[in-house]
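Throughout, protein chains are lettered first and strands after them, A, B, ... in sequence-line order, and every chain is numbered starting at 1.
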Amino acid sequence: MEYNFNEIEAKWQKYWADNQTFKAIDGSTLPKYYVLDMFPYPSGAGLHVGHPLGYIASDIYARYKRHQGFNVLHPQGYDSFGLPAEQYAIQTGQHPALTTEANIATYRRQLDKIGFSFDWSREVRTSNPEYYKWTQWIFIQLFDSWYNKDTDKAEDIKTLVSKFKKAGNAQVRAVADEDIAVFTAEQWKGYPKEQQESILLQYRLTYLSETEVNWCPELGTVLANDEIINGFSERGGYPVIRKKMTQWSMRISAYAQRLLDGLQNIDWPHSLKDAQTNWIGRSQGASVRFQVLLPAQAEGKTSKMSFKELEALKEKRANPTKASALLWARLKKKKAASKFRANYTLGNYQVDFVCLAKQTVVEFSGKDNQAQRKDYFEKEGFQVLYITSKDIEKNVAAVLVHIETALQFPKTAAIYKTVDASIETPEIEVFTTRPDTIFGVTFMTLAPEHDLVTKITTAAQKTAVEAYVKATSKRSERERMADVKTISGVFTGAYASHPLTGDKIPIWIGDYVLASYGTGAVMAVPCGDQRDWDFAKHFKIVIKNIFKDVDVSEGAYAEKDAVIANSDFLNDLKVNKASKLAIFELEKRGFGSGKINYRLRDAVFSRQRYWGEPFPVYYKNGLPQTIDPAHLPIVLPEVEKYLPTKDGNPPLGNATEWAWDSRNKKVVSNDKLKNKTVYPLELNTMPGWAGSSWYFNRYMDPTNEGTFVSKEAANYWREVDLYIGGSEHATGHLLYARFWQKFLFDRGHLPVEEFAKKLINQGMILGTSAFVYRIEGTNTFVSKGLLADQKVQPLHVDVSLVNSSDELDVEAFKNHPMYSDFNTAEFLLEDGTYMVGREVEKMSKSKYNVVNPDAICVEHGADALRMFEMFLGPLEQAKPWKTSGISGVSSFLKKLWKLYHTTGVFGVSEEEPTQDELKILHKTIKKVQEDIEHFSFNTSVSTFMIAVNELAAQKCCKKAILEPLLVLISPYAPHIAEELWNQLGHTSSIATASFPVFESKYLVESSKVYPISFNGKMRFTLELPLDLSKEALEKTVLAHEKTRAQLKGKTPKKVIVVPGKIVNIVG
RNA sequence: GCUCGAGUGGUGGAAUUGGUAGACACGCUGGACUUAAAAUCCAGUGGACUGUAAGGUCCGUAUGGGUUCAAGUCCCAUCUCGAGUACCA
């Protein structure tokens, strides 16, 4: 009987489909195991051999887990919304749904050929309305939620509204837009509905806002940060510019810390966790506010404390008056009750004593500006008490009673705020990771796009600043990035006041400061930051050194082991302590606070595309309203053209049926927009990552029409146990999916906070591109070996025209329709053949190095393809595809077949196996099991080869050996295993067989071949009994003639004996 | 620049806890079968030296150091390649 793999494979693929062999059972009493692949985007090019690598690995694991008795969920589906189908629609007018349908059919046919154990009854497609109904539903959930920092989770927007009603927004700690106006409960209740709505929009987890976006003019859409590579679009490679647009955003920044913390609890590759950690980019430091000086103030005086006042303050601290010292000594003792501070700065004044908790100022009466001060303190919500030196000296206790009595009635309503941001004195807020270097600030730099630029620029500098801002805005992001070395900037003419010294700090503009990070402004410390240093040097700004025993004349000193000097109260401290103290002091004076900043930005969620999920949103008086979930899905409308409209609206602007009838709850024709109850629908669609951010949950309950996943299904399947896919999704899909999972968990829709316990990145399979070399300006091609110094142009040639010895089929090349330009070309051959050049590159259509798995399946079989892909090397490593090696696994499968067909027909014996045969089997069980559990699939393929070679050498045809062997192999080569299993007389699928149990008794040895080494180098081996004692072992070895020959009469210094392992003689 | 990962025969790779480096396979060489080829089977295959032969000797895991009885594996430095990220304050 021949091993006819084509026939066998087709037979069993049909059997599995007909019998639904791999259907997962919901709520089974068996332990569950969920194995998931990243679902593919069904591109028109179909699968190449690189795609199935991860699928084969996960399939082996899924099949293995079934043999282990698990109820395995191993689904597959399609991420079927996306750009290529739409681009194709623009060119041809073919509806993307049709293109997608056709591509999916091709994918399915190709996948089926490889024999995956997918449960196809659970297939999902993100572009199906039954699926995206729930994507729209999740969007609504996000819209109806806000992030409460106090509970550290997302909550229903209703809880926010009730907080507003109760006490306004002053006490609410939320992750929300910046600069939200403070209002009281009364004010909130008095606001018109529209105003309430727009306030809520500033808190929602998905919100509409005018933001700087990455606009790609060629694609006519915005892109997320992770869709851009070096200033060009990931798809198509078109330039991307910055543009202000009103867009939907997702408040992923609310989850920055939890996304970071969650990495501790999941078994994902180290490098991937690193990528996410970098992307989130947590940095700890301080936010510092610098007061901009008015022109008059810049002349000399500052509004806050002057340098002189500061000196006076120090003086006063050092030498308190008798009365002051007396009272302070008593107040200090009361610490626990109400903490007082002495000589404290409040706004522009320095008060004698203050209790911040009780909002009480205690001052010596009789100051020159007493009335002014009182006014200010009371405006800030403090009560003011007056005392006199005389009273204190006479009876401190009485004064204390007076103070304590007053403390019992503090003004409750007022909120303590030291910031007095008036229009005349704007502030510049900066973020710094090095607050300890604050005394080294000698200038400030704003991004050219910073809001304050126009406000603070002086008349004298206006022209220069405007010219600079204009010049930088013209430069693309790309240019700005490429050109890091050129230092450019301009002085605004304005100054700020240093918060601790009162020094005048010049304010500059420079494009090395990015508008999109932090606050778009920096406090420049040239002695501690190279970019600041370069800027200062270039524009001849003072560089003040604040590091002890460090020379900064040649460059900045950025080491973390610095000791601070020349910095008042920070002198002689190291980074950590100095930072803490600097933050403490800034907080005390109301000029800043400790802050953690994240690089992670909120994700833009709108795309100006057709082929994506429509938003369940309509606009009433310009404000977005979500559609009641009961009326979902909002189905993508038909359009004439897939391009943007003439007036620049997204493609959905072409739809004629795209208005929401709020009375009849349905989508109606745009003609009806005249009606009062009909409103325009959102024209943007959702980005590609919307559908892929939750699909793994849908597989648990794919057809549920009442909910996105039922509680029962979610509680049974919980999360993905093993997720396999490419590392290119590190900062896109995998971050967004974690974000949505955490959100749905917060809102009580899911039982787990991380969606995938373990994740493995399969390495890319690289193509081996082939090149022909054309002499420049001619139609002559030179064989690779004849390339001398002549100028040639290398051209990719399709790898199907080249054999494995790198010889080009010249005739086929000339006649190939793709190369019709060259059918008259001349070829300079060597030894009668044309040799191509080879290079390993990413496998892609444009490089003509794509190898199709279908051809491999026809020629060698799916089992051979599966085994070969695993045999190529470690799963996680990138490796080049070289078809030559496939003959190895092909002949292995033939040898395997032969074991069961020694006489040409099927035949196994019922005879008892020998000890040797049992040893081979159990050694294989042990190794294969270990390998699968370590995802070391390449080594288990070798193990099978060894086992089959050894059994063939033993001429073993015993059923007791060959039957369990099939179960071991079946995850890797399921078709041949299923066929032979069937021939052994089984009527049910091998998939239901349990994995053979390893028994160590068969591997017990009585002797061991010991390596005998001399000074660590193995010289010969000796077979010795394993039960020999250490001493006996040493004696036997030393007595051996070979040992004596090695030692050449010398006495060994030392003998190391590790029983069962090694003997090492040191001489 | 920063972060992470990797360097082992002609090639893909193996060596799971520091303990016989090169498993398994490709390729190559020789042989068997055949008119011939393919397929299949057998033998050899890290390098250098040595021996008629069995065998023996030395070197060898990017480079240089170190720890250890013993290092591909651990530590330090250097070089090369790959991936991610990038004026991130």
Checklist entry - When the C1' atoms of G47(B) and G9(B) are considered, how many whole Å apart are they? => result 9 Å
Checklist entry - What residues, two or more places apart in sequence or in another chain, satisfy side-chain hydrogen bond (donor to acceptor under 3.5 Å, both in side chains) together with Lys894(A)? => result none
Checklist entry - Given the rule in the salt bridge (Lys or Arg N to Asp or Glu O under 4.0 Å) test, do Lys926(A) and Glu930(A) qualify, once you have shown the distances and angles that lead to the verdict? => result CA-CA 6 Å; Lys926(A) 182 167 188 277; Glu930(A) 280 168 3; 3.5 Å; yes
Checklist entry - Dot-bracket, RNA chain B: Watson-Crick or G-U, under 3.5 angstrom, [ ] crossing, | other strand? => result (((((((..(((......[....)))((((((.......))))))(((((....)))))..(((((..]....))))))))))))....
Checklist entry - Base, sugar-phosphate alone, or nothing: which one does Lys882(A) contact when heavy atoms must sit under 4.0 Å apart? => result sugar-phosphate
Checklist entry - What residues form a side-chain hydrogen bond (donor to acceptor under 3.5 Å, both in side chains) with Lys895(A), not counting sequence neighbours? => result Asn949(A)
Item to check | Length of the CZ-P vector between Phe868(A) and G13(B), whole Å | outcome: 11 Å
Next on the checklist: Starting the side chain at C-beta, find the nucleotide from A86(B), G13(B), A89(B) nearest to Val522(A).
Outcome noted: A89(B)
Next on the checklist: Strictly distance-based, threshold 3.5 Å: is any side-chain N or O of Thr902(A) a donor or acceptor partner for the main-chain N or O of Leu899(A)?
Outcome noted: no
Item to check | Of the listed nucleotides G13(B), A39(B), U11(B), the one nearest the side chain of Pro874(A) | outcome: G13(B)
Item to check | Pairwise P distance for G56(B) and G7(B), with rounding to whole Å | outcome: 32 Å
Checklist entry - Can you check the Arg434(A) CZ to A89(B) C1' distance for me, whole Å? => result 11 Å
Checklist entry - Going by a 90° cut-off around 0, is G9(B) syn or anti? => result syn
Checklist entry - Which residue, Ser727(A) or Thr519(A), contacts RNA chain B at a nucleotide closer to its 5' end, judged by nearest heavy atom? => result Ser727(A)
Item to check | Whether Phe431(A) and Tyr517(A) hold their rings parallel, tilted or perpendicular, with breakpoints at 30° and 60° | outcome: perpendicular
Next on the checklist: Tell me the interatomic distance from Phe937(A), atom CZ, to G13(B), atom C1', rounded to whole angstroms.
Outcome noted: 17 Å
Item to check | By side-chain hydrogen bond (donor to acceptor under 3.5 Å, both in side chains) - contacts of Ser890(A) (at least two apart) | outcome: His860(A)
Item to check | Listed once per pair and sorted, the salt bridge (Lys or Arg N to Asp or Glu O under 4.0 Å) pairs that draw on residues 865-874 of chain A, sequence neighbours left out | outcome: Asp59(A)-Arg866(A)
Item to check | Polar side-chain atom of Asp931(A) near backbone of Phe937(A) as donor-acceptor pair, under 3.5 Å | outcome: no
Checklist entry - Does the separation of the ring centres of Trp897(A) and Phe892(A) fall below 6.0 angstrom? => result no
Item to check | Integer angstrom distance from the P of G65(B) to that of G72(B) | outcome: 15 Å
Checklist entry - What interatomic distance, in whole Å, is found between C1' of G12(B) and the corresponding atom of C28(B)? => result 15 Å
Item to check | C24(B) and G30(B), which share atom name C1', separated by this distance in whole Å | outcome: 22 Å
Next on the checklist: I'd like to check the side-chain contact (heavy atoms from CB on, under 4.5 Å) partners of Lys1054(A); sequence neighbours left out, ordered by chain and number.
Outcome noted: Ile1056(A), Val1066(A)
Next on the checklist: Using modelled atom types and a 3.5 Å cut-off, is there a donor and acceptor pairing between side-chain atoms of Lys544(A) and backbone atoms of Phe439(A)?
Outcome noted: yes
Checklist entry - Distance between the C1' atoms of C2(B) and C75(B), in whole angstroms? => result 24 Å
Item to check | Results of ring-ring contact (aromatic ring centres under 6.0 Å, His included) for Phe935(A) - residues two or more places apart only | outcome: Tyr61(A)
Item to check | Residue pairs involving residues 934-954 of chain A (criterion salt bridge (Lys or Arg N to Asp or Glu O under 4.0 Å); sequence neighbours excluded) | outcome: Lys923(A)-Glu950(A)
Next on the checklist: Can you check the distance between U50(B) and U35(B), where both ends of the measurement are the P atom (answer in whole Å)?
Outcome noted: 44 Å
Checklist entry - Phe539(A) vs Trp508(A) aromatic rings, parallel, tilted or perpendicular, using cut-offs 30° and 60°? => result tilted
Next on the checklist: Over all strands shown, is Pro880(A) touching base, sugar-phosphate only, or nothing at heavy-atom distances under 4.0 angstrom?
Outcome noted: nothing
Item to check | N or O in side chain of Ser283(A) less than 4.0 angstrom from A89(B) OP1/OP2 | outcome: yes
Checklist outcome for this item: Per-nt protein contacts along nucleotides 24-31 of chain B (heavy atom under 4.0 Å; B base, S backbone sugar-phosphate only, - none) come out as BSS-----
Dump every N/O contact between nucleotides 15-20 of chain B and the protein below 3.5 Å, one line per pair.
residue, atom, partner, partner atom, Å
U16(B), O4, Lys927(A), NZ, 2.7
U16(B), O4, Asp931(A), OD1, 3.2

Next on the checklist: Holding to ring-ring contact (aromatic ring centres under 6.0 Å, His included), I want the full list of residues that pass it with Phe5(A), two or more places apart in sequence or in another chain.
Outcome noted: Tyr3(A)
Item to check | Nearest-angstrom distance, C1' atom, C33(B) to C41(B) | outcome: 9 Å
Checklist entry - Taking CD from Gln530(A) and C1' from G1(B), how many angstroms apart are they, rounded to a whole number? => result 11 Å
Next on the checklist: Tell me the interatomic distance from Lys898(A), atom NZ, to A39(B), atom C1', rounded to whole angstroms.
Outcome noted: 10 Å
Checklist entry - Just how far, in rounded Å, is C1' of A70(B) from NZ of Lys1053(A)? => result 15 Å
Shorter than 3.5 Å, N or O on both sides, protein versus nucleotides 57-68 of chain B: list them out with atom names.
residue, atom, partner, partner atom, Å
U57(B), OP1, Gln1046(A), NE2, 3.2

Item to check | Closest nucleotide among C87(B), C69(B), U85(B) to the Lys1054(A) side chain | outcome: C69(B)
Checklist entry - Are Gln877(A) and G13(B) close enough that a side-chain N or O sits under 4.0 Å from OP1 or OP2? => result yes
Checklist entry - Angle class for the Phe998(A)/His922(A) ring planes (parallel below 30°, perpendicular above 60°, tilted otherwise)? => result tilted
Checklist entry - Separation of Tyr517(A) atom OH from A89(B) atom P, in whole Å? => result 5 Å
Checklist entry - Taking NE2 from His450(A) and P from A89(B), how many angstroms apart are they, rounded to a whole number? => result 17 Å
